[in-house]
Amino acid sequence: MSEVMTPTYRIREVDGRDDEIVDILTELHRMTFLGGASVPPFDRGHWWLAYCEATPVAFAGVVPSTHVREAGYFCRVGVLQRHWGHRLQLRLMRAIEMRARRNGWTCMVSDTTGNVVSANNFIRAGYRLYWPLYPWAFPDTLYWRKSLISVPSSHSTHSKRR
């Protein structure tokens, strides 16, 4: 009986100002969004590529939010269809959140419109639905927010008796 090998993926932050990287990001964007969204300016914010072996198969990006103070805006994620089901979007979201914390941002925001898979990944990653003071997208858009500030537990590990 033969074993099915699970692919190994690596995620790396990349330089969105490097021409070769921009070409890869643009091609992945074209193959995952199929013309349904404009290509973002990759020279803004921070970008990641997910590789299977040496082949780029997914990407994601974050920029400073223009709608929420001290927040990152999770602006894009794309995973080639044959690599769906390996939690790549979730892993990319975690990498973005680590960068956002290093940037000093207190939360992450994003939005989804008509994308149940991404909405479920936001839920899995701990994002909550919210309604921004000034909604920036379509009437049927869902808005997501996640605090990056750790809240101390109300449960103490020390005895309260003296």
Side-chain angles (χ1 to χ4, degrees), residues 7-29 31-33 37-80 83-113 115 117-137 141-157:
T8 301
Y9 295 97
R10 290 178 303 107
I11 294 176
R12 298 286 178 257
E13 187 169 357
V14 296
D15 184 353
R17 296 166 303 194
D18 177 290
D19 290 340
E20 187 176 320
I21 295 297
V22 169
D23 289 346
I24 293 167
L25 290 166
T26 301
E27 182 64 12
L28 282 171
H29 191 279
M31 293 190 311
T32 56
F33 284 87
S38 61
V39 175
F42 294 118
D43 60 346
R44 287 192 58 234
H46 304 277
W47 294 90
W48 286 259
L49 286 170
Y51 296 87
C52 181
E53 307 281 324
T55 305
V57 298
F59 75 102
V62 63
V63 296
S65 173
T66 57
H67 300 281
V68 179
R69 279 187 34 182
E70 298 179 17
Y73 173 68
F74 185 71
C75 62
R76 281 289 193 281
V77 63
V79 178
L80 294 176
H83 296 276
W84 289 359
H86 295 280
R87 303 176 75 84
L88 288 175
Q89 181 174 348
L90 200 57
R91 290 179 59 192
L92 287 161
M93 292 169 92
R94 287 187 185 131
I96 283 174
E97 290 167 13
M98 286 192 315
R99 163 54 72 186
R101 284 183 181 94
R102 286 196 306 269
N103 286 356
W105 295 335
T106 59
C107 70
M108 287 292 303
V109 295
S110 194
D111 56 80
T112 56
T113 306
N115 189 333
V117 172
S118 284
N120 280 325
N121 279 320
F122 275 108
I123 292 166
R124 276 187 203 96
Y127 285 72
R128 303 291 300 229
L129 284 169
Y130 86 108
W131 194 253
L133 187 57
Y134 301 105
W136 58 81
T141 293
L142 300 175
Y143 295 93
W144 301 96
R145 182 181 186 113
K146 180 177 183 178
S147 174
L148 298 176
I149 300 170
S150 1
V151 178
S153 171
S154 61
H155 302 287
S156 174
T157 57

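Atom set for the values below is all heavy atoms of this structure, side chains included, hydrogens, waters and symmetry mates excluded.
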Practice item. Give the C-alpha distance, both sets of side-chain angles, the deciding distance and a yes or no for side-chain contact (heavy atoms from CB on, under 4.5 Å) between F59 and T32. Key: CA-CA 10 Å; F59 75 102; T32 56; 3.6 Å; yes
Check your understanding: side-chain contact (heavy atoms from CB on, under 4.5 Å) between R94 and M98: does it pass, once the steps are laid out?
Key -> CA-CA 6 Å; R94 287 187 185 131; M98 286 192 315; 5.9 Å; no
**Study point:** Heavy-atom closest pair, residues I11 and W48
**Key:** CG2-CD1, 3.9 Å
Review point. H86 and Y9: which non-hydrogen atoms are nearest, and at how many Å?
Key: CD2-OH, 3.3 Å
Review point. When rounded to the nearest 0.5 angstrom, what is the spacing between CZ in R87 and CG in N121?
Key: 8.0 Å
**Study point:** Identified side-chain contact (heavy atoms from CB on, under 4.5 Å) partner of F42 from the options I21, T26, I24
**Key:** T26
Exercise for review: To the nearest 0.5 angstrom, please state how far the CH2 atom of W144 sits from the OG atom of S118.
Suggested key: 9.5 Å
Practice item. Show your working on side-chain contact (heavy atoms from CB on, under 4.5 Å) between V109 and R145 and close with a plain yes or no. Key: CA-CA 4 Å; V109 295; R145 182 181 186 113; 4.2 Å; yes
Revision key, fill the gap. When every non-hydrogen atom of P56 is compared with those of L28, the smallest separation belongs to O-CD2, 3.8 Å
Check your understanding: How about P135 and T141: do any of their side-chain heavy atoms sit closer than 4.5 Å?
Key -> no
Review point. Under a 4.5 Å cut-off applied to non-hydrogen side-chain atoms, are M31 and L80 in contact?
Key: yes
**Study point:** Between CZ on residue R76 and CD1 on residue I96, distance to nearest 0.5 Å
**Key:** 12.0 Å
Study note, to complete from the structure: Heavy-atom closest pair (W47 atom, C75 atom, distance to 0.1 Å) is CH2-SG, 3.7 Å
Practice item. Look up atom OG1 in T112 and atom CG in L142, then write down how far apart they are to the nearest 0.5 Å. Key: 4.5 Å
Exercise for review: Check whether any side-chain heavy atom of P132 sits under 4.5 Å from a side-chain heavy atom of H67, and report yes or no.
Suggested key: no
Practice item. Compare all side-chain heavy atoms of L49 with those of R12 and state whether any distance is below 4.5 angstrom. Key: no
Study note, to complete from the structure: Here the pair of heavy atoms bringing A58 nearest to L92 is CB-CD1, 4.0 Å
Review point. Do you know which of Y130, F74, Y143 makes ring-ring contact (aromatic ring centres under 6.0 Å, His included) with F122?
Key: F74
Check your understanding: Is any side-chain heavy atom of R99 less than 4.5 Å from a side-chain heavy atom of N103?
Key -> yes
Study note, to complete from the structure: CG of L90 to CZ of R124, rounded to nearest 0.5 Å, is 7.5 Å
Review point. Do you know which two heavy atoms are closest between A125 and K146, and how far apart they sit?
Key: O-NZ, 2.6 Å
**Study point:** Between D111 and Y73: side-chain donor-acceptor atoms closer than 3.5 Å
**Key:** yes
Exercise for review: Begin with the C-alpha distance, continue with both residues' side-chain angles, and end with the deciding distance and a verdict on side-chain contact (heavy atoms from CB on, under 4.5 Å) for V62 and W105.
Suggested key: CA-CA 11 Å; V62 63; W105 295 335; 3.8 Å; yes
Practice item. Answer yes or no: does atom CZ of R69 have more than 12 heavy-atom neighbours from other residues, nucleotides or ligands under 6.0 Å? Key: no
Review point. Between CE of M108 and OG of S147, what distance do you get to the nearest 0.5 Å?
Key: 12.0 Å
